Amino acid sequence: MPAPHADPIVAIASAPGRGAVGILRLSGQSLAPLAQAWLGQALQARHATYLPFPDVSGQPIDHGLALYFPAPHSFTGEDVLELQAHGGPVVLQRLLARALELAASAGKKGEVLPRLRMARPGEFSERAFLNGKMDLAQAEAVADLIDASTEAAARSAAASLSGAFSAEVNRLRDGLVHLRMLVEATLDFPEEELDFLQQSDARGQLQRLRAQLALLQGEARQGALLRDGLKVVIAGQPNAGKSSLLNALAGAELAIVTAIAGTTRDTIAQTIQIEGVPLHVVDTAGLRDSDEPVERLGIARAWGAIGSAEVVLFVHDLERRNESAYQQADSAIASRLADAVLSRVPVLHVWNKCDAPQALPTTPAPDAVRLSARTGEGLQDLRRALLAAVGWQVDTGARFSARQRHVQALRQVDVHLAQADAHLAQAAQALDLLAEELRLAHNALGEITGAFSADDLLGVIFSSFCIGK
């Protein structure tokens with residue numbers, strides 16, 4: 001559960017390490033007296049003032065800019081004071097210590113100053129949410145924008161921060177509230193002969209809501225994909241070209257490639273992007289029976305990586321396709337893959353070494369990808385197949401960022417609206433159940449923006465933010 005947010009808070013808001021500029025941020029009620037006591041003058045609201053930042057003896061810790069944003073016109077909705085100094089870690093730590101020291105010693109000197117405490121991770125954004133400066137989806141977009149690993153992810157997070165996702169959710173909510181009103185009216189006035197639901201086209205309204213929800217679900221899945229990316233695991237027999245494929249996708253020599261079977265003994269991971277979607281690609285040890293202890297450990301790790309994959313690239317060797325022993329080993333791997341992942345994630349079959357003189361001219365399945373990791377032939381086909389396997393729509397992209405909890409909440413809304421549709425078919429006998437399913441759908445939708453959110457959910461969300469934000 002989030003801690004009470006009445007106490008003023010302070011934290012270093014810039015990234016750790018050295019930089020040209022570092023920021024100390026304070027937020028709380030009535031910060032103006034503290035600012036004047038520390039800096040020796042009243043600060044003009046929303047104006048940058050260049051002055052010294054003194055220590056306890058009056059000697060300057062640094063010179064820089066002070067900015068004061070009085071409530072409610074600030075990021076958090078409270079008074080906010082920001083000191084912009086040189087970005088050395090020692091300077092910022094001294095400023096932080098001085099702020100805490102000044103507030104702690106105020107009572108001893110008879111001054112009425114707020115008692116500061118260190119901010120928790122994400123507490124500035126949490127206060128912005130609690131004070132109505134943004135909804136929960138927008139607050140999460142703050143962290144998503146900071147963490148964005150691609151340009152497309154940054155654009156979609158910025159759109160969510162500006163309210164694009166929330167606007168779609170609120171539009172769906174408004175339609176749901178109107179439908180709930182009709183159903184509740186029918187329940188509240190059973191003596192009336194007017195059929196509120198039929199005259200108001202309740203079934204048509206519900207169908208339109210479900211269609212609108214389906215579109216929103218598709219966009220949310222796209223947004224979540226941009227934010228989280230995909231874990232892609234490359235698997236197959238030794239010397240099938242797995243490490244060469246990793247190097248080709250990454251455009252760099254990340255993994256050692258030799259003709260010796262079993263060269264890769266451990267997992268090697270690299271994040272790349274395709275059409276702005278982050279892909280966390282993992283190369284693994286060749287899958288085979290082995291008595292060598294180190295190789296066996298690598299193979300065990302390979303199967304562990306496969307178990308947590310979102311897409312598996314099963315790499316085959318076109319040069320050895322007709323060898324009986326090779327076919328048997330491939331079949332054994334395919335059988336185990338089916339048990340491990342096939343029921344829940346896509347497995348893309350990749351036939352490598354199409355440029356080799358001994359390569360067979362065709363692939364066993366029409367949906368398999370034929371390529372050469374050495375020359376790059378067919379790589380673009382693989383990239384397209386990867387995105388298609390997870391439902392990425394290249395032409396539309398994502399208009400906003402989303403998280404898996406948003407996708408799950410929309411899935412719950414869909415379940416409740418489907419139940420509501422079934423109850424509406426027998427409305428006279430199931431009005432109470434219809435109203436309850438619409439209420440549950442409304443609550444699930446409200447979890448996205450924070451209209452209905454448990455305190456423990458807020459604690460989990462904001463604890464993942466960086467300190468100072």
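What you are looking at is a predicted structure, and each value in this text was computed from that prediction instead of being measured.
Under a 3.5 Å cut-off, the side chain of His86 and the backbone N or O of Leu92 do not form any donor-acceptor pair. Using modelled atom types, one side-chain atom of His406 and one backbone atom of Arg403 make a donor-acceptor pair closer than 3.5 Å. Of the possible donor and acceptor atoms, one in the side chain of Trp38 sits under 3.5 Å from a partner among the backbone N and O of Pro54. Counting only distance, with no hydrogens or angles, the side chain of Ser74 and the backbone of Pro70 share no donor-acceptor pair below 3.5 Å. Counting only distance, with no hydrogens or angles, the side chain of Thr284 and the backbone of Ala302 share no donor-acceptor pair below 3.5 Å. A donor-acceptor contact shorter than 3.5 Å is absent between the side chain of His442 and the backbone of Leu440. Without hydrogens or angle criteria, Asn131 side chain to Arg127 main chain gives a donor-acceptor distance under 3.5 Å. Between the side chain of Thr76 and the main chain of Ala128, no donor-acceptor pair closer than 3.5 Å is present. Side-chain atoms of Asn352 come within 3.5 Å of backbone N or O of Ala240 as a donor-acceptor pair. Not one N or O on the side chain of Glu219 forms a donor-acceptor pair closer than 3.5 Å with the backbone of Leu216.
Interatomic distance, CD of Glu123 versus CZ of Phe129, reported as 14.0 Å (0.5 Å rounding). In this structure, Leu249 CG and Leu246 CG are separated by 7.0 Å, a value rounded to the nearest 0.5 Å. Put simply, CZ on Arg384 and CG on Leu379 are 11.0 Å apart, with the number rounded to the nearest 0.5 Å. Atoms CD and OG, from Glu151 and Ser149 in turn, are 12.0 Å apart once rounded to the nearest 0.5 Å. Of the inter-residue distances, the one linking Ser160 atom OG with Arg155 atom CZ reads 13.5 Å to the nearest 0.5 angstrom. A distance of 9.0 Å separates NE2 of His416 from CD of Gln419, quoted to the nearest 0.5 Å.
With Ser166 as reference, Asp135 is the one residue of Asp135, Leu136, Leu161 to meet the side-chain contact (heavy atoms from CB on, under 4.5 Å) rule. Applying side-chain contact (heavy atoms from CB on, under 4.5 Å) to Val177 and the options Met181, Arg180, Arg173 leaves one that passes, Arg173. For the pairing with Leu31, the side-chain contact (heavy atoms from CB on, under 4.5 Å) check across Leu43, Asp79, Val10 returns one residue only, Asp79.
In this structure the side chain of Ser401 never reaches within 4.5 angstrom of the side chain of Phe165, judged on heavy atoms. In this structure, the side chains of Glu168 and Arg399 come closer than 4.5 Å at one or more pairs of heavy atoms. Between Leu438 and Val183, some side-chain heavy-atom pair lies under the 4.5 Å cut-off. Under the 4.5 Å side-chain criterion, counting only non-hydrogen atoms from C-beta, Val312 is in contact with Leu337. Taking 4.5 Å as the limit, some side-chain heavy atom of Gln205 sits within range of a side-chain heavy atom of Leu182. Residues Leu382 and Leu313 are in side-chain contact: their nearest non-hydrogen atoms beyond the backbone lie under 4.5 Å apart. Looking at Leu24 and Glu82, their side chains never come closer than 4.5 Å, going by heavy atoms from C-beta outward. Put simply, the side chain of Val281 does not reach to within 4.5 Å of the side chain of Leu230, judged on heavy atoms.
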* Does the pair Arg94 and Asp62 meet the rule for a salt bridge (Lys or Arg N to Asp or Glu O under 4.0 Å), with working shown? -> CA-CA 10 Å; Arg94 288 187 67 195; Asp62 195 4; over 6 Å; no

* To do: Tell me, with the steps shown, if Leu279 and Leu386 meet side-chain contact (heavy atoms from CB on, under 4.5 Å).
  => CA-CA 9 Å; Leu279 268 65; Leu386 271 171; 3.6 Å; yes

* Asked: Does the side-chain contact (heavy atoms from CB on, under 4.5 Å) test come out yes or no for Leu225 and Trp392, once each step is laid out?
  -> CA-CA 8 Å; Leu225 190 58; Trp392 176 255; 3.7 Å; yes

* To do: Kindly indicate, with the supporting measurements, whether the criterion salt bridge (Lys or Arg N to Asp or Glu O under 4.0 Å) is fulfilled by Arg227 and Asp144.
  => CA-CA 7 Å; Arg227 176 188 180 270; Asp144 294 344; 2.6 Å; yes

* Please lay out, stage by stage, how Leu417 and Leu176 fare under the test side-chain contact (heavy atoms from CB on, under 4.5 Å). => CA-CA 10 Å; Leu417 289 188; Leu176 186 53; 4.0 Å; yes

* To do: May I have the step-by-step check of side-chain contact (heavy atoms from CB on, under 4.5 Å) for Leu226 and Val277, ending in yes or no?
  => CA-CA 5 Å; Leu226 264 186; Val277 179; 4.2 Å; yes

* To do: Please assess Arg405 against Glu140 for the test salt bridge (Lys or Arg N to Asp or Glu O under 4.0 Å), listing each intermediate value before the final yes or no.
  => CA-CA 11 Å; Arg405 80 167 194 92; Glu140 289 172 299; 2.8 Å; yes

* To do: Could you give me the CA-CA distance, side-chain angles and deciding distance for Gln270 and Asp283, then say whether side chain to side chain donor-acceptor pair (under 3.5 Å) is met?
  => CA-CA 9 Å; Gln270 177 69 17; Asp283 181 25; over 6 Å; no

* Residues Gln207, Arg210; criterion side chain to side chain donor-acceptor pair (under 3.5 Å); working and verdict -> CA-CA 5 Å; Gln207 293 301 323; Arg210 295 190 67 187; 5.1 Å; no

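The number of heavy atoms from other shown groups lying within 6.0 Å of CZ (Arg18) does not exceed 12.
For the pair Lys469 and Phe75, the distance from NZ or CZ to the six-membered ring centre is under 6.0 Å and the angle to the ring normal is within 45 degrees. Annotation: cation-pi geometry not satisfied between Arg120 and Phe462 (NZ/CZ under 6.0 angstrom from ring centroid, within 45° of ring axis).
Between His280 and Gly229, the closest heavy-atom pair is NE2-CA, 4.2 Å. In plain terms, the two heavy atoms of Leu206 and Ala420 that are nearest each other are CD2-C, 3.9 Å. When all heavy atoms of Ala248 and Arg383 are compared, the pair lying nearest together is O-NH2, 4.2 Å. The shortest heavy-atom contact between Leu81 and Ala35 is CD2-CB, 3.9 Å. What you find for Gly77 and Ala71 is that their closest heavy atoms are O-CB, 3.3 Å. When all heavy atoms are compared, the tightest approach of Gly286 to Ile299 is O-CG1, 3.3 Å.
Ring planes of His316 and His349: parallel class, angle under 30° (limits at 30 and 60°).
With sequence neighbours excluded, the residues that form a side chain to side chain contact (heavy atoms under 4.5 Å, CB included) with Ala48 are Leu65, Leu67.
A salt bridge is absent between Glu310 and Lys231: the closest approach of a Lys/Arg side-chain nitrogen to an acidic carboxylate oxygen does not fall below 4.0 angstrom. The pair Arg98-Asp55 does not count as a salt bridge, with every side-chain nitrogen at least 4.0 angstrom from each carboxylate oxygen. With respect to the salt-bridge test (charged N to carboxylate O, under 4.0 angstrom), the residues Lys133 and Glu78 do not qualify.
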